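From a predicted model like this one, the values you see are computed outputs, not experimental measurements.
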Amino acid sequence: MTYLWKLAEEPEAEAADFTDVAADADYAQAVAWAVSEGITTGTSDTTFSPDSTCTRGQIVTFLYRDLAQ
């Protein structure tokens, strides 16, 4: 998410409501932006799972959703 967010020129977004993304995390604004843009919804209603490795399928889905906008 951070790479896509930086490519989008680091836009501000309202914080996402994930229990595993601290508000002061380096990637928190990128996650918030990705959720607000519909690029991701996290791994559940309350988690993003920032320590999990993405599959190729997930990455392709993120890229598709970002580029389809």
Taking side-chain contact (heavy atoms from CB on, under 4.5 Å) as the definition, give me every residue that meets it alongside [X], ordered by chain and number, with sequence neighbours left out.
X	result
Ile59	Cys54, Leu63
Ala13	Gln29, Ala32, Trp33, Ser36
Ala15	none

Is there any side chain to side chain donor-acceptor pair (under 3.5 Å) pair reaching into residues 4-19, and which pairs are they, with sequence neighbours excluded?
none
Side chain to side chain donor-acceptor pair (under 3.5 Å) contacts in which one or both residues fall within residues 38-48, not counting sequence neighbours
Thr43-Thr47, Thr43-Ser49, Ser44-Thr47
Taking all heavy atoms of [X] and all of [Y], pick out the closest pair and write down the distance.
X	Y	result
Ala16	Val35	CB-CG2, 4.2 Å
Ala34	Met1	CB-SD, 3.3 Å
Ile39	Arg65	O-NH1, 3.1 Å

Applying ring pair (Phe, Tyr, Trp, His ring centres under 6.0 Å) as the test, list every pair that has at least one member in residues 11-32; sequence neighbours left out.
Phe18-Phe48
Given a cutoff of under 4.5 Å between side-chain heavy atoms of I, L, V, M, F, W and Y, with clusters grown through shared members, what are the other residues clustered with Val60?
none
With sequence neighbours left out, write down each residue that passes ring pair (Phe, Tyr, Trp, His ring centres under 6.0 Å) with Phe62, or none if nothing qualifies.
none
Say you draw a straight line from CG of Asp20 to CG of Asp51; how long is it, rounded to the nearest 0.5 Å?
8.0 Å
